[in-house]
Undergrad: 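Sharing a structure with you now.
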Amino acid sequence: MTQDARDQEHSNSEQPNSGQLGKTEQPDNADQSEVVGNEDLATAFLRETEVVEETVEDGKKIRRRGIYLLPNLFTTSALFAGFFAVVAGINGEFTSAAVAIFIAMVLDGLDGRVARMTNTQSEFGAEYDSLADMISFGMAPALVAFTWILQDIGKTGWVVAFLYVACAALRLARFNVQIGSVDKKWFIGLPSPSAAALVAASVWTFHSFDADAFGFKLLMLVVVAAAGVLMVSNIRYYSFKDLDFKKPVPFVVLLAIVLAFVMISVEPSVMLLLLFGTYVASGPFLAVMRKAKTKS
């Protein structure tokens, strides 16, 4: 037998072995595909869409899967109220739209407190809350005001409405990056819920009076523009975060709260407009007082 024949015979004898090796690898791949195939569709969906968040517990970084349900339920409810306000405004139901914005305010104030009380704070919750605020206190008030009266002014109306939306987005972005670096006693710039409350109360009040005169259109133009500019200003507003509700208070404080509820119930739109109008004006007023005090 020649050398070439022996080499040919040797190569032929190795081919079945390589075929056997290929066959031994196939069951492994088949097993893997069988496992994936047997996985329930809902389980696969949950696995692929699960939220994984890095957090620090006891000084150690850990990866936490899932989200906290309770505070995010309040955030979702606030988001729904904001979206309802947009739909109600488009349908011409401006009173319902204004009330929905105030409901969103209440729910927005509860989600953070619930998260702190139950120790369920998370980065996901903070980001979700900020996006919900953009809808409830950015888009909703601007669209409600625009569909009610600002659209009658033409291009100026929608430009001012967009200015408010843009300022709300900038206000929320600045608030997120300043958390932990500013005094909690004060807000830098008008808080977006208060700006939304001013616009909503104005729509609610003036719409109840059937205010269609050109003077009211200019007034709403000024209100929406001023609320937007104040949100991105450096004017400080009292945050009420240093109030301790656990301490006892004089009886007259409770009496004053009851009286306030009675007054609001008599004419809700007007009283809420006066209340939030006073808060919005308090920022510039205190800023002027501080400057006058430093000069003197």
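Both backbone and side-chain heavy atoms feed into the values below; hydrogens, waters and symmetry mates do not.
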Undergrad: So I103 and V99, side chain to side chain contact (heavy atoms under 4.5 Å, CB included) or not? Walk me through it.
TA: CA-CA 6 Å; I103 292 175; V99 172; 4.0 Å; yes

Undergrad: Looking only at heavy atoms, which two atoms of S194 and V280 are closest? And how far apart?
TA: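 Residues S194 and V280, closest heavy atoms: O-CG2, 4.5 Å.
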
Undergrad: What's the shortest heavy-atom distance between A161 and L150, and which atoms?
TA: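 Heavy atoms only, the tightest pair is CB-CD1, 4.5 Å.
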
Undergrad: For Q151 and T147, indicate whether the former's side chain and the latter's backbone hold a donor-acceptor pair under 3.5 Å.
TA: yes

Undergrad: For S239, give me all partners under side-chain hydrogen bond (donor to acceptor under 3.5 Å, both in side chains), at least two apart in sequence or on another chain.
TA: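 Partners of S239 under the side-chain hydrogen bond (donor to acceptor under 3.5 Å, both in side chains) test: none.
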
Undergrad: In the structure I gave you, are the side-chain heavy atoms of I235 and L230 within less than 4.5 Å of one another anywhere?
TA: yes

Undergrad: Which pairs count as salt bridge (Lys or Arg N to Asp or Glu O under 4.0 Å) when at least one residue sits in residues 150-179, sequence neighbours excluded?
TA: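 Applying salt bridge (Lys or Arg N to Asp or Glu O under 4.0 Å) to every pair that reaches into residues 150-179, excluding sequence neighbours, yields D152-K217.
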
Undergrad: Evaluate side chain to side chain contact (heavy atoms under 4.5 Å, CB included) for D129 paired with N72, printing each intermediate quantity in order.
TA: CA-CA 8 Å; D129 179 68; N72 289 311; over 6 Å; no

Undergrad: Shortest non-hydrogen contact from D108 to P193?
TA: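 Taking every non-hydrogen atom into account, OD2-CG, 4.0 Å.
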
Undergrad: For M263, which residues count as a side-chain contact (heavy atoms from CB on, under 4.5 Å) partner, sequence neighbours excluded?
TA: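 Checked M263 against side-chain contact (heavy atoms from CB on, under 4.5 Å); matches are L259, M271.
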
Undergrad: Can you tell me if M139 has over 12 outside heavy atoms packed within less than 6.0 Å of its CE?
TA: no

Undergrad: Compare all side-chain heavy atoms of Y238 with those of K185 and state whether any distance is below 4.5 angstrom.
TA: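 Contact flag for Y238/K185 side chains = yes.
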
Undergrad: Output every pair passing side-chain hydrogen bond (donor to acceptor under 3.5 Å, both in side chains) with a member in residues 73-84, not counting sequence neighbours, ordered by first then second residue.
TA: T75-D111, T76-Y128

Undergrad: Report yes or no: does S136 contribute a side-chain atom to a donor-acceptor pair with the main-chain N or O of A104 at less than 3.5 Å?
TA: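 Judged by distance alone, no pair lies under 3.5 Å.
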
Undergrad: Evaluate the criterion side chain to side chain contact (heavy atoms under 4.5 Å, CB included) for residue pair F206 and L219; output intermediate values, then yes/no.
TA: CA-CA 10 Å; F206 300 148; L219 179 60; 3.5 Å; yes

Undergrad: Which atom names give the shortest non-hydrogen contact between T205 and V270, and what distance separates them?
TA: OG1-N, 3.7 Å

Undergrad: Which residue pairs satisfy the side-chain hydrogen bond (donor to acceptor under 3.5 Å, both in side chains) criterion with at least one member in residues 266-278, sequence neighbours excluded?
TA: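 The answer is none; no pair qualifies.
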
Undergrad: Of all residues at least two apart in sequence or in a different chain, which pass the side-chain hydrogen bond (donor to acceptor under 3.5 Å, both in side chains) check with N176?
TA: S130

Undergrad: Can you name the residues that form a ring-ring contact (aromatic ring centres under 6.0 Å, His included) with F162, not counting sequence neighbours?
TA: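 Residues passing ring-ring contact (aromatic ring centres under 6.0 Å, His included) with F162: none at all.
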
Undergrad: At their closest point, which heavy atom of Y164 faces which heavy atom of S192, and how far apart are they?
TA: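 Of all heavy-atom pairs spanning Y164 and S192, the closest is OH-O, 4.2 Å.
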
Undergrad: What pairs with W158 under ring-ring contact (aromatic ring centres under 6.0 Å, His included), at least two apart in sequence or on another chain?
TA: none

Undergrad: Throw together a table of side-chain donor-acceptor distances under 3.5 angstrom for residues 79-98, partners on residues two or more places apart or in other chains.
TA:
from: N91; atom 1: ND2; to: V87; atom 2: O; distance (Å): 3.3

Undergrad: Kindly determine whether L198 and V223 satisfy side chain to side chain contact (heavy atoms under 4.5 Å, CB included), including the steps that lead there.
TA: CA-CA 8 Å; L198 176 67; V223 168; 4.0 Å; yes

Undergrad: Tell me who clusters with L73, hydrophobic residues only, linked when side chains sit under 4.5 Å apart either directly or through other members.
TA: L69

Undergrad: Considering non-hydrogen atoms only, spot the tightest contact between S202 and M220 and give its length.
TA: CB-SD, 3.6 Å

Undergrad: Answer whether the closest heavy-atom distance between the side chains of P268 and W204 falls below 4.5 Å.
TA: yes

Undergrad: How would you list, by chain and number, every residue that makes a side-chain contact (heavy atoms from CB on, under 4.5 Å) with V114, sequence neighbours excluded?
TA: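 Result, side-chain contact (heavy atoms from CB on, under 4.5 Å) vs V114: L70, F74, T118.
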
Undergrad: Determine which pairs satisfy ring-ring contact (aromatic ring centres under 6.0 Å, His included) with at least one residue from residues 270-296, sequence neighbours left out, and list them in order.
TA: F102-F276, Y237-Y279

